[in-house]
Amino acid sequence: MRTRVRGWRWRWRENPLRRRSDVVEAWTALVVAVLLLVGAPLAGVFAASWAHSEAQATAAAQRADRHRVRAEVVGATPDRTPTVRSGRAHAYTTAVRWTQPGEGARTAEARVPAGTRHGDVVEVWFDSRGRNVAPPPNSLSVWQYTVTMGVCGTGGAAGVILLGRCVARQVSTRHRLAEWEEEWTRTEPVWTRRRWA
């Protein structure tokens, strides 16, 4: 009577070829599949949720601390566009002047877009200490950060799961080879006697 073995089904059913390591590997594959389909996305959702609340809190704190002013460029401006990028657009530092309500005229160093000339009016951001800073993140930036952290969380969780699968598979293969070696040690003398007798 010939038994046809197809796919992974033989690992789950009683079979003379099945070893304990085969059953462990089959259960490990099932657990890995569930973790990849459920666990990794949940890790991404939790990471995205955490990142979103952190990004919103940071944006709110920066909006409370930073203020935008319309300032006139009073410092020297370069003749050529800078070759070094600062942030998303070419920029350089120069002196700007603006009138602060209740305080009079103020002058400070600020980054202005490339192509700005002496006398142009630009919008610049300052924090409560008077330092020139980037504008606070808008809602699009918050969502970009959220999605990025969610994708990274999902990918990281999937990577850890697959790494664990590789380790489990190596251990399972070692155990399987040991089980086969033990079986062969018992079977080989009987088999060779029958064959060569």
Search all heavy atoms of [X] against all heavy atoms of [Y] and return the closest pair with its distance.
| X | Y | answer |
| --- | --- | --- |
| H67 | D127 | CE1-O, 3.7 Å |
| G44 | T154 | CA-OG1, 3.1 Å |
| A105 | R97 | CB-CD, 4.3 Å |
| A40 | A157 | CA-CB, 3.9 Å |
| W125 | P135 | NE1-CB, 3.4 Å |
| R111 | V124 | O-CG1, 3.9 Å |

_Please determine whether side-chain contact (heavy atoms from CB on, under 4.5 Å) holds for the pair L36 and L162, giving the CA-CA distance in whole Å, both sets of side-chain angles, and the decisive distance to 0.1 Å._
CA-CA 8 Å; L36 284 175; L162 292 175; 3.8 Å; yes
*Please assess E179 against H175 for the test side-chain hydrogen bond (donor to acceptor under 3.5 Å, both in side chains), listing each intermediate value before the final yes or no.*
CA-CA 6 Å; E179 288 172 351; H175 281 262; 5.7 Å; no
*Apply side-chain contact (heavy atoms from CB on, under 4.5 Å) to R165 and T28, showing your working.*
CA-CA 7 Å; R165 167 73 172 133; T28 303; 4.0 Å; yes
*Quick one: sort the W98 and F126 rings into parallel, tilted or perpendicular, breaks at 30° and 60°.*
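It falls in the parallel class, under 30°.
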*Does any N or O in the side chain of S49 come within less than 3.5 Å of the main-chain N or O of V45, such that one atom is a donor and the other an acceptor?*
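No; zero donor-acceptor contacts below 3.5 Å.
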*Counting N and O atoms only, with roles assigned by atom type, does the side chain of S172 sit under 3.5 Å from a partner on the main chain of A168, one being a donor and the other an acceptor?*
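Between the backbone of A168 and the side chain of S172 there is no qualifying donor-acceptor contact (under 3.5 Å).
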Euclidean distance, [Y] [atom2] relative to [X] [atom1], rounded to 0.5 Å:
| X | Y | atom1 | atom2 | value |
| --- | --- | --- | --- | --- |
| T146 | E54 | OG1 | CD | 10.5 Å |
| R176 | E25 | CZ | CD | 4.5 Å |
| S141 | Q144 | OG | CD | 5.5 Å |
| R63 | N138 | CZ | CG | 9.0 Å |
| W143 | T148 | CH2 | OG1 | 12.5 Å |
| E109 | T94 | CD | OG1 | 6.0 Å |

*More than 12 heavy atoms of other residues, nucleotides or ligands under 6.0 Å from CZ of R129: is that the case?*
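Counting neighbours around CZ of R129, 12 or fewer heavy atoms of other residues, nucleotides or ligands fall under 6.0 Å, so no.
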*Do V69 and V112 sit in the same hydrophobic cluster, where Ile, Leu, Val, Met, Phe, Trp and Tyr count as joined when their side-chain heavy atoms come under 4.5 Å apart?*
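Same cluster.
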_Sub-4.5 Å side-chain heavy-atom contact between C166 and Q170_ = no
*Determine, step by step, whether E181 and L177 satisfy the side-chain contact (heavy atoms from CB on, under 4.5 Å) criterion, reporting the C-alpha distance in whole Å, the side-chain angles of both residues, the deciding distance to 0.1 Å, and the verdict.*
CA-CA 6 Å; E181 185 66 32; L177 291 175; over 6 Å; no
